[in-house]
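Here's the structure, in structure tokens; my notes come after.
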Amino acid sequence: AQSVAQPEDQVNVAEGNPLTVKCTYSVSGNPYLFWYVQYPNRGLQFLLKYITGDNLVKGSYGFEAEFNKSQTSFHLKKPSALVSDSALYFCAVRDLYSGNTGKLIFGQGTTLQVKP
Amino acid sequence: EAQVTQNPRYLITVTGKKLTVTCSQNMNHEYMSWYRQDPGLGLRQIYYSMNVEVTDKGDVPEGYKVSRKEKRNFPLILESPSPNQTSLYFCASSLEATWNTGELFFGEGSRLTVL
């Protein structure tokens, strides 16, 4: 079965430091991978995706993610964290085995806390 | 402004009292879907709709119904709510051309508590 794991419930980082939010996946075949962000009392917002091509994907708000096929990982990164980056982050993979359902399989989420 | 609108945003109800959570999008999207979010479980798909009058079950459809009579609306119906349906619900939509690349647009969520 396809799955996504975010091994850290929470990541704490000081403002100005680099941040990494980890994601690993398990799929058969080529994965379609995504990151979404959820700010308090808001819906999820799309950040970036990897479908094919360059392993380093750039997205919104200065975030980027690196696809690593050998390690089956898709970690979210940012060179310099901002307090306003504090939010709940979800990694997701498209379910390629459910036909044309458009379904995304989400990880359990990681809370990012950036302290001033 | 392009958006997905859900109502109500917050609701406390009692077991067995039918309720409907409305979802409307103004982007002419063909694909719409409902997810529920529970702590430690991420988001799980309840139902989805590929187009008007085309709906199908997701991973956790038990206790829910949906309808898609118009392209813009996709209501979620709980005929007889139970406490295990206490959750945060999200409606999402996508263009038919892009749904399979996963860029979904989400509503702001509806927090439902069933007593």
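Chain identifiers are assigned alphabetically (A, B, ...) following the order of the sequence lines, protein sequences preceding nucleic acid strands; residue numbering begins at 1 within each chain. Since this is a predicted model, take the numbers as computed values, not measurements.
Contacts between A:Ile105 and chain B at a heavy-atom distance below 4.5 Å are absent for every atom of the residue. With a 4.5 angstrom heavy-atom cutoff, B:Gln37 touches chain A only via side-chain atoms. With a 4.5 Å cut-off on non-hydrogen atoms, B:Arg9 touches chain A through its side chain but not through its backbone. Proximity to chain B is absent for every atom of A:Gln45, based on heavy atoms less than 4.5 angstrom apart. When heavy atoms are compared at a cutoff of 4.5 Å, A:Asn41 approaches chain B by way of both its backbone and its side chain. Neither the backbone nor the side chain of B:Tyr89 comes within less than 4.5 Å of any heavy atom of chain A.
Aromatic ring orientation, A:Tyr39 versus A:Tyr61: perpendicular (interplanar angle above 60°, classes split at 30° and 60°). Between A:Phe67 and A:Tyr50, the two ring planes are parallel [angle under 30°; tilted spans 30° to 60°].
For the pair A:Lys78 and A:Phe63, the distance from NZ or CZ to the six-membered ring centre is under 6.0 Å and the angle to the ring normal is within 45 degrees.
Side chains of A:Asn68 and A:Glu66: a donor-acceptor N/O pair is absent below 3.5 angstrom, by distance only. B:Thr22 and B:Asn7 form no side-chain donor-acceptor contact under 3.5 Å, judged by distance and modelled atom types alone.
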